[in-house]
Amino acid sequence: MAGMATEAHAPTDAQGAAARRDRAVRAAVAQGLVGGTDTAPPLVCLLDTDGIRASAAALTSAFAAALPPGTPVLHAFAVKAAPLVPVLRLLADAGLGCEVASPGELALARAAGVGPLRTVLDSPAKTAAELSEALALGIAVNADNRQELERLDALVAASATPPASPIGIRINPQTGAGTIDALSTATATSKFGVPLRDPGARAWLVRAYLDRPWLTRLHTHSGSQGVPLPLIAEGVRELHALAEEINAAAGRRQVDTLDIGGGLPVNFASDAHTPAYEEYVAALRAAAPALFDGSYGLVTEFGRSLLAKHGLVLSRVEYTKTTGARPIALTHAGVQLATRTVYAPAAWPLRILAYDAKGAPKEGDPVAQDIAGPACFAGDLLATARELPRLSPGDLIAVPDTGAYFFTAHYGYNSLPRPAVHGFTATPQGGIRFALARPEQSLAAIVAEAGGDRPDALL
Ligand SMILES: *Cc1c(COP(=O)(O)O)cnc(C)c1O
């Protein structure tokens, strides 16, 4: 029995994930979370909590298997990928911490009960007040640039005791771009970190550590979606080599922890979880074997790879029409949920799945259709000429792989509300249990956030 349950839950098994999704869609309709008529909401977002737990476990075990027992490792989830307090709590329960990059993200991590020792603050534009708060809390900080380091100098000098926060510097290894320029963090001119290959930079960095005994970490995040594993690994190899150089110059193991960032790419073309965390670890071992000898503690900052495959948008097809011979389905899922896909469709293609009004997979010969969102601009399309069974009003479309940076990164165009997010788990009886993680944004909240309490302010 236990073996069977494990098999049914195994999210890395693409068939298992697809079967669980079909059950969840049917249950969401049956339980009135979404529906083909106005008796239920037209739009809902779902998160597969079993899948999230399994991804967290896969990450943890991939590193644990490669490191000597007892090596300190913190897997800090990049909060920007899914800034929902219940998600952060779920991940914390699975042993993960948080990587935060704004006062808002820090507040979310704290609301989820993630403590300072399990929180890492990155961001290229931290204010003096943010830095001072982080040091007061004892949160790990990675300085982005020389001027930020000077601010930290002043804070450290003003304090009677050495900082409780582990502090590091973010390095841009300048190893090059991936296929998506906007997500390539390690180009020669990237805005992030201290550029390692610029003239004089390396010597400056070594000196910076020798002058500051409280600098004990080095950080890089050398890629995200579209950056191939060997290129990410090359950035981490550069980080390790710099740490060794600093420690040799210091004559002690001053740098004791390497924060290697996140960036494992996600496969948006099928249910397969590729590449796997094991492949990432294997690429790192190939590039920098000494990284795994236990002489450094490690911090990772994965975001997309932990959540993306576990999110699903479900929308009613409100209307269908044919324009210029192309069938168009008008849905409620558009730019507010899939901003990158709508504005950069070639870089961010999403799959679309068709279901009938009861939530059963829709059958029928494929017809090229446009899947349009609700926003009032012509480009609000999730897909063009997509081959799907011909959709009718009251059908549902599902958009998988949207658990990171999609519905959790809402875009407020047309004052469209943030939809409800429900987590789901498969029960041992074969049912689906939903739990509300974020209610739908109310119209009152939209008005309030739009200055609704001061209508006369500009008169
Ligand atoms: C966005 C970001 C991450 C997470 O990247 P993913 O591609 O979602 O894994 C990690 N670290 C930093 C500094 C980031 O900016």
Side-chain angles (χ1 to χ4, degrees), residues 52 55-56 58-59 62-63 74-84 87-88 91 96-102 104-106 108-109 119-126 130 134 139-145 148 168-173 177-187 190-194 217-229 231-233 235-236 239 257-268 273-277 279-281 283-284 298-311 340 347-348 401-409:
I52 296 170
S55 285
L59 166 62
F63 277 84
L74 172 64
H75 297 293
F77 173 64
V79 170
K80 73 174 184 282
L84 296 171
V87 168
L88 306 183
L91 291 171
L96 274 59
C98 284
E99 184 267 348
V100 301
S102 71
E105 289 181 0
L106 175 56
L108 297 181
T119 305
V120 178
L121 174 65
D122 298 331
S123 105
K126 305 175 200 80
E130 279 175 67
I139 288 171
V141 175
N142 289 313
D144 177 81
N145 57 66
E148 187 183 337
I169 298 180
R170 178 168 181 171
I171 306 304
N172 170 6
T179 57
I180 307 175
D181 279 345
L183 268 70
S184 296
T185 48
T187 63
S190 161
K191 73 171 183 175
F192 295 110
V194 175
R217 291 189 171 187
L218 271 170
H219 174 222
T220 191
H221 169 59
S222 66
S224 266
Q225 189 69 20
V227 180
L229 292 188
L231 200 56
I232 296 180
V236 176
L239 190 77
T257 302
L258 298 178
D259 181 339
I260 61 175
L264 184 70
V266 163
N267 161 28
F268 285 94
H273 284 238
T274 51
Y277 288 112
E279 290 166 69
Y280 177 89
V281 168
L284 286 188
L298 293 182
V299 176
T300 73
E301 306 172 341
F302 292 98
R304 180 177 294 106
S305 55
L306 283 161
L307 257 294
K309 304 296 289 178
H310 309 305
R340 284 178 168 160
W348 296 102
D401 310 327
T402 47
Y405 303 101
F406 283 98
F407 58 79
T408 53

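Both ligands and their constituent atoms are indexed starting at 1 by order of listing.
- Protein heavy atom at the shortest distance from atom 5 (O) of ligand 1 is H221 CE1, 3.3 Å.
- Taking CG of L306 as the reference point, atom CG of L91 lies at 6.5 Å (rounded to 0.5 Å).
- On a distance-only criterion, K80 and ligand 1 share at least one N/O pair closer than 3.5 Å.
- Close N/O approach between G303 and ligand 1 is found [any backbone or side-chain N/O within under 3.5 Å].
- Between the CZ atom of R217 and the CG atom of L298 there is a distance of 10.5 Å, given to the nearest 0.5 Å.
- Atoms of ligand 1 lying under 4.0 Å from at least one heavy atom of F302, given by number and element, are 9 (O).
- Listed by atom number, the atoms of ligand 1 under 4.0 Å from R170 heavy atoms are 13 (C).
- Taking only nitrogen or oxygen atoms, main chain and side chain alike, G263 reaches within less than 3.5 Å of ligand 1.
- Rounding to the nearest 0.5 angstrom, the gap separating the CG atom in N267 from the CD atom in Q225 is 9.0 Å.
- For the pair E148 and K126, the salt-bridge criterion is met [side-chain N within less than 4.0 Å of a carboxylate O].
- Interatomic distance, C98 SG to L121 CG, rounded to the nearest 0.5 Å: 12.0 Å.
- Near D122, with a cut-off below 4.0 Å to any heavy atom, the atoms of ligand 1 are 13 (C).
- On a distance-only criterion, S224 and ligand 1 share at least one N/O pair closer than 3.5 Å.
- The CD1 atom of I232 sits 7.0 Å away from atom CG of L264, with the distance rounded to the nearest 0.5 Å.
- Between R304 and ligand 1, at least one pair of N/O atoms sits closer than 3.5 Å.
- In terms of protein heavy-atom proximity, atom 10 (C) of ligand 1 is closest to E301 O, 3.0 Å.
- In this structure, OG1 on T257 lies 9.5 Å from CG on L74, to the nearest 0.5 angstrom.
- Contacts of A81 with ligand 1, taken as heavy-atom pairs under 4.0 Å, are absent altogether.
- Using a 30° and 60° split on the angle between ring planes, H310 and H273 fall in the tilted class, from 30° to 60°.
- At a heavy-atom distance under 4.0 Å, only side-chain atoms of Y405, from C-beta outward, approach ligand 1.
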